[in-house]
Amino acid sequence: MYKHDPDLNQRIWQVVALIPSGKVATYGDVAQHAGLAKAARRVGLALRQLPQDSKIPWHRVVNAQGRISLPNSTVSQYTQRERLEAEGIVFQGNKSLDLEKFRWEPGVR
DNA sequence: ACCCTGACTTATT
DNA sequence: CAATAAGCCAGGG
């Protein structure tokens with residue numbers, strides 16, 4: 001898609017900003033939509049660089065297993081789960097969510 | 001250019 | 001379902 005990378009983070013954040021409330025996307029999905037098909041890890045970095053006062057819904061990004069990919073015992077981890085549940089996302093087994101049901105897919109995969 | 005790291009992923013045990 | 005191993009890609013030292 002893009003031949004240049006003016007700012008990879010911005011592209012990634014822009015994609016994340018498209019995820020609607022009540023839905024989630026995997027790092028892989030975001031990467032693909034940003035034109036980085038196999039660089040899911042890069043997405044994680046971008047989110048980590050995201051300022052806390054940002055309006056980007058970073059909490060709507062989870063891993064391919066439908067689990068929060070933030071290190072345990074971190075505040076952000078709680079924050080993410082709280083926000084997701086507040087949007088109607090339900091966790092099963094108290095740790096993973098149903099991707100089949102909440103995954104956001106504007107295009108194909 | 002080389003090596004290590006990581007909010008990842010998929011396949012295998 | 002949890003633990004491992006092997007891929008993958010971009011950053012940073």
Side-chain angles (χ1 to χ4, degrees):
Chain A
M1 269 302 206
Y2 292 93
K3 311 215 164 197
H4 279 162
D5 297 21
D7 188 350
L8 219 39
N9 283 353
Q10 285 222 350
R11 264 165 50 205
I12 293 174
W13 297 337
Q14 189 175 313
V15 173
V16 175
L18 297 177
I19 307 172
S21 174
K23 290 286 180 177
V24 299
T26 66
Y27 292 89
D29 290 342
V30 175
Q32 180 165 2
H33 294 192
L36 290 169
K38 298 170 185 173
R41 302 183 96 123
R42 186 58 252 277
V43 175
L45 181 65
L47 296 187
R48 194 174 59 174
Q49 314 260 296
L50 199 58
Q52 303 198 328
D53 57 320
S54 174
K55 300 174 181 60
I56 303 298
W58 56 271
H59 56 279
R60 306 202 181 122
V61 183
V62 298
N63 63 30
Q65 299 169 45
R67 303 219 212 106
I68 290 178
S69 207
L70 241 49
N72 294 318
S73 58
T74 60
V75 188
S76 330
Q77 191 195 198
Y78 280 109
T79 307
Q80 175 163 23
R81 174 149 180 179
E82 301 265 308
R83 291 194 187 177
L84 288 177
E85 296 187 316
E87 296 182 348
I89 303 287
V90 182
F91 285 77
Q92 12 176 63
N94 214 341
K95 52 179 172 178
S96 63
L97 58 82
D98 189 344
L99 277 179
E100 292 292 305
K101 186 176 181 182
F102 300 112
R103 190 180 210 169
W104 172 62
E105 34 195 332
V108 192
R109 180 198 168 181

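Values reported hereafter were calculated over all heavy atoms of this structure, with side chains retained and with hydrogens, waters and symmetry mates removed. In what follows, chains are A, B, ... by sequence order, proteins preceding strands, each numbered from 1.
Judged purely by atom type and a 3.5 angstrom limit, A/Lys23 uses its side chain to pair as donor or acceptor with the backbone of A/Lys101.
Checking A/Gln65 against A/Leu47, the closest nucleotide of DNA chain B that is more toward the 5' end is the one next to A/Leu47.
With rounding to whole Å, A/Gln77 atom CD is found 13 Å from B/dA7 atom P. Per the geometry, CD belonging to A/Gln49 stands 18 Å off P belonging to B/dT5, to the nearest Å. As rounded to whole Å, 11 Å separates atom P of B/dT10 from atom CD of A/Gln32. Atoms CG (A/Asn94) and P (C/dA2) sit 12 Å apart, rounded to a whole Å. Here B/dA7 presents its C1' atom at 9 Å from CH2 of A/Trp58, a figure rounded to the nearest Å. In this structure, A/Ile12 atom CD1 and C/dA10 atom C1' are separated by 9 Å, rounded to whole Å. Per the geometry, CG belonging to A/Leu45 stands 8 Å off C1' belonging to C/dA10, to the nearest Å. Atom CZ of A/Arg42 is separated from atom P of B/dT5 by 18 Å (rounded to the nearest Å).
Residue-level contact check: A/Thr26 touches the backbone only, with heavy atoms under 4.0 Å from sugar-phosphate atoms and none from bases.
Counting only N and O atoms by type, the side chains of A/Asn94 and A/Arg81 include a donor and acceptor under 3.5 Å apart.
The base of C/dG11 lies outside donor-acceptor range of the side chain of A/Arg41, with no N or O pair under 3.5 Å.
Set against C/dC9, B/dT9, B/dA7, the side chain of A/Ala40 has B/dT9 as its closest nucleotide. Residue A/Leu8 has its side chain nearest to C/dA10 when only C/dA10, B/dT9, B/dA7 are considered.
At least one side-chain heavy atom of A/Leu99 sits less than 4.5 Å from a side-chain heavy atom of A/Val62.
Follow the hydrophobic side-chain contacts under 4.5 Å out from A/Tyr78 and you never reach A/Ile89; the two are in separate clusters.
Between C/dA2 and A/Arg67, a contact under 4.0 Å exists linking OP1 or OP2 to a side-chain N or O. A close approach under 4.0 Å does occur between a side-chain nitrogen or oxygen of A/Arg48 and OP1 or OP2 of B/dA7. Distances shown here put a side-chain N or O of A/Lys95 below 4.0 Å from the OP1 or OP2 atom of C/dA2.
Residue A/Glu100 places its CD atom among 12 or fewer non-hydrogen atoms of other residues, nucleotides or ligands, all under 6.0 Å distant.
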